[in-house]
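Chain identifiers are assigned alphabetically (A, B, ...) following the order of the sequence lines, protein sequences preceding nucleic acid strands; residue numbering begins at 1 within each chain.
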Amino acid sequence: MGKLLEVKNLTTQFKVDKTKIIKAVDNSSFYIDEGETLAIVGESGSGKSVTALSVMQLVPDPPGKIAGGEILFQGKDLLKYSKEEMRAVRGGDISMIFQEPMTSLNPVFTIGRQLTESIMLHLKLNKRDAEDRAVEFLRKLQIPDPVRRMKTYPHQHSGGMRQRVMICMALSCNPKLLIADEPTTALDVTIQAQILNLIVKLRDEEKTAVMFITHDLGVVADVAHRAIVMYAGSIMEMGPVREMFRNPLHPYTQGLLGAIPRLSTPRGQKLYTIPGIVPDLSQLPKGCPFCTRCDQCMDVCHQKKPPLRRLEDGREVRCFKIERGEEIG
Amino acid sequence: MAEQIPLIEARHLSKHFISKSHRLGGDKLIVKAVNDVSFDIMKNETLGLVGESGCGKSTTGRLLIRLLEPTSGSIIYDGRDIAQYSNREIRGVRKELQIIFQDPFSSLNPRMTCLDIITEPLLIHTKMSRTERTEAGYELLNYVGLPKQYALRFPHEFSGGQRQRIGIARALALKPKFIVCDEPVSALDVSVQSQVLNLIVKLQEEFNLTYLFIAHGLNVVKYISDRVGVMYLGSIMEMAGSEEIYEKPLHPYTQSLISAIPDTDVENKRQRVILEGDVPSPTNLPSGCPFHTRCRFCKKECSEAKPELKEVSPGHQVACLLYE
Ligand SMILES: Nc1ncnc2c1ncn2[C@@H]1O[C@H](COP(=O)(O)OP(=O)(O)OP(=O)(O)O)[C@@H](O)[C@H]1O
Ligand SMILES: Nc1ncnc2c1ncn2[C@@H]1O[C@H](COP(=O)(O)OP(=O)(O)OP(=O)(O)O)[C@@H](O)[C@H]1O
Ligand SMILES: [Mg+2]
Ligand SMILES: [Mg+2]
């Protein structure tokens, strides 16, 4: 399978006051294959949403700016697209689901109108066919009584139902890439399980590639083929989920996995803790961004930022502890 | 280890809120947040409470320490029924019954220093002098692992995890016997959650505390609790030892809830039981078993009478007709 999206050396920065610029995404490179699900995980503020917004070119400017890099979608650099061209891509070939569905549903229009208009625009269907497709997708998302639902407004629905409508909106235009930014974080576990199940089922049926953003490593284990672990704007580790969870290479990944009790963790067994807190992006240490909290830190880690290395088995890691493989940035 | 003497016995506890309908001139609605729940919390035990948003976990916690007045039922604390205590009488037991809130950002007064926040309960409830309070405050800081030099800082100068430590220190100030931990780590970053969880466990051992531990994160609840109660729409559906309930969940709701937990254990992927539909509104409870509208084993009788929570094996209680 070919690469659908290839992001090369993406840097996105924000001007936080007159003199300070922070790099919310710092020289990131990654790809997503056709039909593949790539998870982006990391703690609050690590740059997950900004990565997604950069791909969509929805970074608020000012204060934000894509300062460098390439975003190749099917081989073409989206950063070179005009505003018009980009508008056609959004909601068409690439669509996005946000954490809070109310921010992206318009409260004054019926769900049916919003779905139908978006389908008409992107799939160039007439109103009738667009309506049929909308109903078909509502049904696929197990929304009861879809014909009647078309006439309702977003506020008449529960959070889980609104999120399903959002997914319907995102998938009914037949995107090649779905970007889902914490689509289930605000929902209860059983509703989360429903929604994840639907995303996985539809993604498999439609062969849609997914960029799945979450801070929940358990969710990653459920939905993703590969994952990227971000910390303070940098990719620290990337690899197939099974291998990464079985044998995390970066001390930060190890720490994150050790800090969450698993169902199999015995009661009272002391949990691993990562000391300290996530640093402010305007006060990052000079070397490795994680060095101030790392229990395997060496002298060199304080002096320069470790390069990302590509290992033999498709994994990548940014840590001086790992010396094998090839330096890639 | 928990002793087998109850510290708190809740009996037929209910809380109904009256809330106005959104529509202008609309009728008053009754939100049946907690409906006839009965359970014990043993001395030195951690009882976990899980369930989905709005199922009545926080309300139950607040009732137990009498931050809320129950609509009906009794709360036997240390031999006394505190359910109908007047405000004055509650002040007498307040020292012993404390709470840690979910949101470390809004639960601390932004204009008070860390030391003042921690020692305020001492000012209200004891006759300690200022020097004594300050001394006690520094000791509390030490217990929760905050450096001394933080004492005079204000809440906005602290991270989420540090603020949660301040909340814990404050709850400990009066040497309580029982603490309701209402989602104490939900708002924290993963790397900071385990710091706070370890602290909560350590303090229990040091001070012989009894906890009601409320959380969404079911892994966390299993890890920290001796026993776990599962709530749905204001009722307790099942209660059992924490290993037992995760290994042998009996109630169909518990089964799907547990199967839905996202777990990082890639070797042991569990089979999902996906629930259909949404939780009904607590203003309009279904008849009979509150779960029957979504239950895959629902029978006709399930909509007729509400099953009682009954012991089906030692220490394992379930409210479901399948086990009658
Ligand atoms: N509009 C903005 N103005 C200034 N800084 C911003 C803006 N948007 C994001 N940032 C900064 O960029 C960094 C990365 O933010 P981002 O939203 O990508 O984090 P995230 O990983 O999605 O976190 P979360 O899990 O909390 O959603 C943060 O430090 C944030 O403060
Ligand atoms: N003061 C109040 N007035 C009216 N209704 C209330 C009040 N407090 C709680 N409720 C309602 O009671 C029900 C139970 O709420 P509660 O806060 O106990 O749920 P919870 O299980 O703690 O949920 P969460 O997981 O979201 O914290 C909800 O429907 C809630 O809207
Ligand atoms: Mg985000
Ligand atoms: Mg609550």
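Other residues, nucleotides and ligands contribute only 12 or fewer heavy atoms inside 6.0 Å of the NZ atom of K32(B).
Using a 4.5 Å cut-off between heavy atoms, V190(B) touches chain A through backbone and side chain atoms alike. Both the backbone and the side chain of E52(B) come within contact range of chain A, judged by heavy atoms closer than 4.5 Å. Of the atoms belonging to Y246(B), it is side-chain heavy atoms, and not backbone ones, that fall under 4.5 Å from chain A. The part of V278(A) that comes within reach of chain B is its side chain, from C-beta onward, which places non-hydrogen atoms under 4.5 angstrom from that chain. Interface remark: L257(B) contributes backbone and side-chain atoms alike to the contact with chain A (heavy atom separation under 4.5 Å). With a 4.5 angstrom heavy-atom cutoff, L275(B) touches chain A via backbone and side-chain atoms both. For a residue to count as touching a neighbouring chain, one of its non-hydrogen atoms must lie under 4.5 Å from one of that chain's; by this rule S259(B) does not touch chain A.
D188(A) places a side-chain N or O within donor-acceptor distance of the main-chain N or O of S53(B), the cut-off being under 3.5 Å. E43(A) contributes a side-chain N or O that, together with a main-chain N or O of S191(B), makes up a donor-acceptor pair within less than 3.5 Å.
If you tally non-hydrogen atom pairs under 4.5 Å between each of I224(B), L197(B), I261(B), V201(B) and chain A, the highest count goes to I224(B). With chain B as partner, the option from Q192(A), R246(A), R293(A) having the largest number of non-hydrogen pairs under 4.5 angstrom is R246(A). Among Q195(B), K202(B), E205(B), the residue with the largest count of heavy-atom pairs under 4.5 Å with chain A is Q195(B).
Listed here is the closest heavy atom pair of A193(A) and I274(B): O-CD1, 3.6 Å.
Using a cutoff of 4.0 Å between basic side-chain nitrogens and carboxylate oxygens, D263(B) and R262(A) are not scored as salt-bridged.
How far OH of Y223(B) is from CG of L263(A): 14.0 Å, rounded to the nearest 0.5 Å. Residue T264(B) holds its OG1 atom at 10.5 Å from CG of L256(A), rounded to the nearest 0.5 Å.
In this structure, a donor-acceptor pair under 3.5 Å is absent between the side chains of R267(A) and S225(B).
Considering only heavy atoms from C-beta on, N197(A) stays 4.5 Å or farther from R272(B) through its side chain. A heavy-atom distance below 4.5 Å is not found between the side chains of F245(A) and D265(B). Counting heavy atoms from C-beta outward, K270(A) and S194(B) have side chains that stay 4.5 Å or more apart. A 4.5 Å side-chain heavy-atom check between H215(A) and D189(B) finds every atom pair outside the cut-off. When side chains are defined from C-beta on, K222(B) does not count as touching P261(A), because their heavy atoms never get closer than 4.5 Å.
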